[in-house]
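Heavy atoms only: backbone and side chains are in, while hydrogens, waters and symmetry mates are out.
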Amino acid sequence: MTKENRTLFTLEERLKMAAESQAASPEAAARLVQLLDSVCTAYFFCGSDDKNIMEALTGEFWECLEEGLLHYGGFCHSFRMAVEHDDGILRSLSSGTLILEPPDPYRSVWSVRTNNALVLLGLILLDHAKGGMRYRNIYHCMRMSLKQYLDALVDLSFQEDGTLDEDRAESFRIWRETFLKDNDGAWSLKEALAQILRRYIAAWQEFGHLDHILRCMGALSCYLEQEEAGRTLPQEEEDRVRRFREALCRYGSDLEGWELVEQDKRYLDPRGYYFSLAYEYPEDVPDPGSKNVAPRTLRSQIFLSERDYSPDVLRKLAGKSPFQDLRELLEVNISEERLACAMGEINMAVMNLYMLFVEPYLRMGEYHYERHLE
């Protein structure tokens, strides 16, 4: 039943739709998206830990946003500025000095800093969606179906004074069709977000495993050098050891409380100890969509490092190691095909996060953002 171009549902239809989604109509879906756009950034973070991590990643752009940073739509501009800062291709194209080269399949699409910020954005939204952060405007928005959300974004994000922004709308439409081929439009937005993060984590583990082995090799080298010199560790190296131990403990509860070689020299075989430790990297990183995963559990644990993951670079690192067993372990885990595929998955995940939760809000919050810059 329609009235003045609006679809009206019976009570039974609304109850059925409400059981599946908080958006009982396209108008309700649009309203939920608008509520997310206007959410106070303080409610979005719900604590200083996430804010501090995000500030370390995109904080250099916050000052120029001024009051626009106070709501989610304005906060999204910090991601746009981070992406533009990373994208030297656009700047060099305008100057006519660019020499185009094939993209490196082992590097992230944007800087590691920007990628990690987008992953953190997804994790924060997922925590709200699971009810762990208890802010209802985000929670209800994440309960609507993926298709409802995408339709609402098109209606709200790419029009100005009733005129469709053809270029941006077409770009979004192409991405939308591709995204819906791999994701069921009937899923809740929460389910779609959890699936993006699952695929990201599965791909990230390829690099997390390599980082873990390299840390074990580096820490063993540091320990043996200090033991041979017969001296205590300088403060800077003690800090490195402490950070190494904390990083290892994040990989699983079974590592908590372990005394590492650096803190107890009673171990008779440090090489064997670190070789065994290198095998302790877990393959079962928690499912980000699980109810059992508490808010903030996966934060920096699944961030990509700044390391160059090109296979040739990794093989050179392996060749420099004096420890044959660890060198062979690293070499076995270097696969050009697997690394390229994993980085492709990571790049796809962060691009999808950007298109779902940043790009559409740049236009919705544009008036507020520009007004605060004046």
- Output the distance between atom OH (Tyr43) and atom NE2 (His71), rounded to the nearest 0.5 Å. 15.5 Å

- Would you say the side-chain atoms of Ser310 and Asp308 include a donor-acceptor pair closer than 3.5 Å? yes

- Message: Is it the case that the side chain of Ser290 and the backbone of Pro286 share a donor-acceptor pair, with hydrogens and angles ignored and the cut-off at 3.5 Å?
- Response: no

- Message: Would you compute the distance between atom CG of Leu304 and atom CZ of Arg107 and round it to the nearest 0.5 angstrom?
- Response: 11.0 Å

- Task: Kindly give the heavy-atom pair with the smallest separation between Ala194 and Pro288, and that separation in Å.
- Result: O-CG, 4.1 Å

- Is there a side-chain contact between Leu353 and Leu125, using heavy atoms and a 4.5 Å cut-off? no

- Message: Using 0.5 Å steps for rounding, measure from the NE2 atom of His209 to the CG atom of Leu330.
- Response: 9.5 Å

- So, Asp287 side chain and Arg198 main chain: donor-acceptor pair closer than 3.5 Å or not? no

- Item | More than 12 heavy atoms from other groups under 6.0 Å of CZ on Arg31 | no

- Query: Do you reckon Ile201 sits in the same ILVMFWY cluster as Val109, going by side-chain contacts under 4.5 Å, direct or chained?
  - Reply: yes

- Item | Evaluation steps, side-chain contact (heavy atoms from CB on, under 4.5 Å), between Val350 and Ser108 | CA-CA 9 Å; Val350 297; Ser108 55; over 6 Å; no

- Query: Do the side chain of Arg327 and the main chain of Ser321 share a donor and acceptor less than 3.5 angstrom apart?
  - Reply: yes

- When you look at CE of Met355, are more than 12 heavy atoms from neighbouring residues, nucleotides or ligands closer to it than 6.0 Å? yes

- Message: Would you say that Leu156 contacts Gln34 through its side chain, given a criterion of any heavy-atom pair below 4.5 Å between the two side chains?
- Response: yes

- Query: Shortest non-hydrogen contact from Ala278 to Leu326?
  - Reply: CB-CD2, 3.8 Å

- Message: With side-chain contact (heavy atoms from CB on, under 4.5 Å) as the criterion, how do Leu65 and Met81 come out once you've worked through the C-alpha distance, each side chain's angles and the decisive distance to 0.1 Å?
- Response: CA-CA 10 Å; Leu65 293 175; Met81 296 173 79; 3.9 Å; yes

- Item | Note, Leu193 side chain near Phe357 side chain (heavy atom, < 4.5 Å) | yes

- When hydrophobic residues are tied together by side-chain contacts of less than 4.5 Å, even through go-betweens, does Met351 share a cluster with Leu197? yes

- Task: Report yes if the side chains of Leu120 and Phe303 come closer than 4.5 Å at any heavy-atom pair, otherwise no.
- Result: yes

- In Å, rounded to the nearest 0.5 Å, how long is the span from SG of Cys46 to NZ of Lys51? 13.5 Å

- Answer yes if the ring centres of Tyr309 and Tyr106 are under 6.0 angstrom apart, and no otherwise. no

- Task: Give the intermediate values and the outcome of side-chain contact (heavy atoms from CB on, under 4.5 Å) for residues Leu339 and Met343.
- Result: CA-CA 6 Å; Leu339 291 180; Met343 189 59 79; over 6 Å; no

- Heavy atoms of Leu356 and Tyr361 approach each other most closely as O-CE1, 3.9 Å

- Item | Aromatic ring proximity Phe45/Phe75, centre distance under 6.0 Å | yes

- Please say whether more than 12 non-hydrogen atoms of neighbouring residues, nucleotides or ligands are located less than 6.0 Å from CZ in Arg136. no

- Verify same cluster id: Tyr279, Phe207 (apolar side-chain graph, 4.5 Å): yes

- Under 3.5 Å: donor-acceptor pair, side chain of Ser38, backbone of Leu35: yes

- Message: Using a 6.0 Å cut-off, check whether atom CD of Glu177 has over 12 heavy atoms from anything other than its own residue.
- Response: yes

- Kindly compute the distance separating CG (Asn52) from CG (Leu57), expressed to the nearest 0.5 Å. 11.0 Å

- Task: Using atom types as modelled and distance alone, determine if a side-chain donor or acceptor of Asp86 lies under 3.5 Å from a backbone N or O of Ser111.
- Result: yes

- Taking the six-membered ring for Trp and the full ring for Phe, Tyr or His, determine whether the centres of Tyr139 and His128 are under 6.0 Å apart. no

- side chain to side chain donor-acceptor pair (under 3.5 Å) against Glu345, all qualifying residues, sequence neighbours excluded: Arg199

- Query: Between the side chain of Gln148 and the main-chain N/O of Ser145, is any donor-acceptor distance below 3.5 Å?
  - Reply: yes

- Note on the structure: Interatomic distance, CD@Glu359 vs CG@Leu153, rounded to 0.5 Å, equals 10.0 Å

- Query: Is any side-chain heavy atom of Val358 less than 4.5 Å from a side-chain heavy atom of Val83?
  - Reply: no

- Can you label the angle between the Phe44 ring and the Tyr72 ring as parallel, tilted or perpendicular, going by 30° and 60°? tilted

- Is the ring centre of Tyr354 less than 6.0 Å from the ring centre of Phe79? no

- Residues Asp151 and Arg176 bridged, charged N to O under 4.0 Å: yes

- Message: Can you tell me how the ring of Trp175 sits relative to the ring of Phe179, calling it parallel under 30°, perpendicular over 60° and tilted otherwise?
- Response: parallel

- Query: Is any side-chain heavy atom of Trp62 less than 4.5 Å from a side-chain heavy atom of Met54?
  - Reply: yes

- Query: Going through the checks in order, is the side-chain hydrogen bond (donor to acceptor under 3.5 Å, both in side chains) test met by Ser335 and Glu337?
  - Reply: CA-CA 5 Å; Ser335 164; Glu337 183 178 354; 5.6 Å; no

- Message: When you measure from the side chain of Asn333 to the backbone of Leu329, do you find a donor-acceptor pair of N or O atoms at a distance under 3.5 Å?
- Response: yes

- Judged by atom type as modelled, is there a donor-acceptor pair below 3.5 Å linking the side chain of Glu191 to the main-chain atoms of Ser188? yes

- Item | Chi angles and distances behind the side-chain contact (heavy atoms from CB on, under 4.5 Å) call for Ser78, Glu60 | CA-CA 9 Å; Ser78 65; Glu60 67 179 281; over 6 Å; no

- Is Phe172 reachable from Leu180 through a run of I, L, V, M, F, W or Y residues, each pair having side-chain heavy atoms under 4.5 Å apart? yes

- Message: Is there a path of hydrophobic side-chain contacts, each under 4.5 Å between heavy atoms, that joins Ile346 and Met348?
- Response: no

- Message: Apply salt bridge (Lys or Arg N to Asp or Glu O under 4.0 Å) to residues Arg299 and Asp50 and explain how you reach the verdict.
- Response: CA-CA 8 Å; Arg299 291 299 180 258; Asp50 288 336; 2.8 Å; yes

- Task: Answer yes or no: is there a donor N or O on one side and an acceptor on the other, between the side chain of His77 and the main chain of Arg80, under 3.5 Å?
- Result: no

- Message: I want to check something: taking the side chain as every heavy atom from C-beta on, are Cys141 and Tyr149 in contact at a cut-off of under 4.5 Å?
- Response: yes

- Query: Is there side-chain contact between Thr114 and Thr58, with at least one heavy-atom pair below 4.5 Å?
  - Reply: no

- Message: To check you understand the geometry: which heavy-atom pair defines the closest contact between Val33 and Met144, and what is its length?
- Response: CG2-CE, 4.1 Å

- Can you check whether Ile302's main-chain N or O pairs, donor with acceptor, with Tyr200's side chain at less than 3.5 Å? yes

- Note on the structure: Residues Lys130 and Val293: closest non-hydrogen pair is NZ-O, 3.1 Å

